[in-house]
Every structure is written in structure tokens, then in C-alpha cells.
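First the structure, in the form of C-alpha cells, and then the observations on it.
Numbering starts at 1 and runs along the sequence shown. Worth saying up front: this structure is predicted, and the values here are computed from it rather than measured. Order of appearance sets the numbers: ligands from 1, and atoms from 1 within every ligand.
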Amino acid sequence: MAQVGIFVGTVYGNSLLVAEEAENILNAQGHEVKVFEEDMLDAWQLYRQYYVLVITSTTGKGDLPDSIAPLFHTIRDQSGYQPERRYGLIALGDSSYDNFCGAGRAFDALLQEQGATRIGEMLEIDATEQPEPEVVSCPWVEQWGRLLE
Ligand SMILES: Cc1cc2nc3c(=O)[nH]c(=O)nc-3n(C[C@H](O)[C@H](O)[C@H](O)COP(=O)(O)O)c2cc1C
């Protein structure tokens, strides 16, 4: 079973709720899971050989929440090529804003640019259509967890 680090970017707590539900599901599948909401830099390096699941909302005008922005900037400025990295991505957003899921999409683009391998498709959750994000995230996580070695 796999080791999974879940890295959360949230302003109001929706992404954290999704992360906690994901933790339960992945644990039940036998994976070893830890959720990181802050001080993520060291943990990100530790999980270089394992799996990471990034779960982030978008705030401002397509911006990353403050909790995860430092991680994004450090990866962008310091990480460089990281082909051994395997990740999944859940983006929370609201299509009534211009930059729908801008933060999640930026994270995905950055990791792709650095050679990381995405496991599965990115899940985008639209708050206008789905007020309870875990309703769509839970089945997605069930599937995602089955793709891990
Ligand atoms: C001030 C503000 C700005 C937002 N900006 C965006 C945005 O640019 N793009 C987007 O897709 N969603 C945007 N959203 C929607 C949030 O990403 C969405 O409500 C999400 O579920 C919040 O999750 P969180 O509680 O984990 O932060 C914004 C929400 C607020 C309140």
C-alpha cells in the first residue's frame, strides 16, 4: 500500500473537509496518509518518492490561498525537475468567478512543467453546482486510491 501526503490550500475550510474525507477513504483502502495544512515545505520534500494529493481552493482573482501559496512559490523557484513525483489534484472553485479553479490549474501546470506524473485526471469542483464538495470528491478519491501502488 502507498504513503500519501495530502497538501491543503483553504480559506474557509471546504478543502480541509474534502481532505479529511479523503484521508478516511484512503486509510480504509490501507494507505498510510497524512494531511498537511501548514509548514508544508519539509513534508513536500519527504514525499518526493511517494504520492501527494493537492487539494486547493481558489481565492481573490484566481489566487492560491495563503496556506498553500508559499509551497507553490518554493516549488516554482527551487524544486526544478521532479520526474519521480506522483500526484493527484482536487481543485475547488466557483464558475461565477473569472479564473475558475485558477489555483488548482496553476498547481497542475507547475507540476507538469517539472516533469511530475499526475495520477488520474484533475477533479474540479464548482461551488455553484455542488454546494457540498465531498459529494463529488469522495467517489473520485475512491477511484484515485485504487490507482496507487
Ligand atoms: C473572495 C473570494 C474569491 C474567490 N475567487 C475565486 C476565483 O477566482 N476562482 C474560483 O474558481 N473560485 C473562487 N472563489 C470560490 C472558492 O474557491 C470556493 O468557494 C471554494 O469552495 C472555497 O474553498 P475553501 O473553503 O477551501 O477556501 C472565491 C471565493 C471567495 C469568497
Side-chain angles (χ1 to χ4, degrees), residues 2-29 31-48 50-79 82 85-114 116-148:
Q3 296 206 44
V4 185
I6 302 180
F7 294 78
V8 186
T10 189
V11 180
Y12 303 103
N14 290 320
S15 303
L16 184 59
L17 181 74
V18 167
E20 287 167 351
E21 295 287 346
E23 181 183 23
N24 291 337
I25 292 166
L26 294 170
N27 272 330
Q29 290 178 337
H31 300 303
E32 205 173 299
V33 190
K34 274 194 186 158
V35 176
F36 301 95
E37 302 166 55
E38 51 191 17
D39 301 330
M40 302 176 187
L41 299 176
D42 291 345
W44 183 265
Q45 287 313 323
L46 281 175
Y47 278 84
R48 203 177 174 104
Y50 306 116
Y51 292 92
V52 297
L53 177 57
V54 176
I55 303 179
T56 185
S57 67
T58 296
T59 191
K61 293 179 179 168
D63 303 324
L64 289 141
D66 286 347
S67 64
I68 203 167
L71 177 67
F72 178 90
H73 293 128
T74 304
I75 296 170
R76 187 191 58 193
D77 299 340
Q78 292 172 23
S79 269
Q82 41 178 334
R85 172 88 56 192
R86 288 165 295 176
Y87 72 99
L89 218 148
I90 300 178
L92 283 79
D94 185 329
S95 58
S96 63
Y97 289 87
D98 278 346
N99 295 295
F100 177 58
C101 286
R105 290 178 183 181
F107 227 111
D108 184 51
L110 176 64
L111 294 176
Q112 287 292 305
E113 204 179 291
Q114 296 191 342
T117 301
R118 191 182 58 236
I119 308 294
E121 291 300 315
M122 173 165 76
L123 174 65
E124 296 182 340
I125 306 177
D126 185 352
T128 1
E129 286 176 7
Q130 189 47 263
E132 292 175 28
E134 65 279 13
V135 170
V136 262
S137 68
C138 286
W140 183 95
V141 172
E142 286 266 1
Q143 293 270 339
W144 189 78
R146 286 195 210 109
L147 301 174
L148 311 184

Exercise. Quick one: CD on Q29 to CG on N24, what's the gap to the nearest 0.5 Å?
Worked result: 11.5 Å
Exercise. Hey, what do you get for CH2 (W44) to CD1 (I68), rounding to the nearest 0.5 Å?
Worked result: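 The distance works out to 7.5 Å.
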For this session: Find out whether T56 and F7 are in side-chain contact, i.e. whether some heavy atom of one side chain is under 4.5 Å from a heavy atom of the other.
Result: no
Problem set entry | Ring-ring centroid check Y87 F107, cutoff 6.0 Å |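 Between Y87 and F107, the centre distance exceeds or equals 6.0 Å.
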For this session: Sort out the contact shell of ligand 1: every protein residue with a heavy-atom distance below 4.0 Å, listed by chain and number.
Result: T10, V11, Y12, G13, N14, S15, S57, T58, T59, G60, K61, G62, L92, G93, D94, Y97, N99, F100, C101
Problem set entry | Contacts of D94 that satisfy side-chain contact (heavy atoms from CB on, under 4.5 Å) - sequence neighbours left out | S96, Y97, D126, A127, T128
Exercise. Are R105 and E124 within salt-bridge range, i.e. N to O under 4.0 Å?
Worked result: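 Here R105 pairs with E124 in a salt bridge, since their nearest N and O are under 4.0 Å apart.
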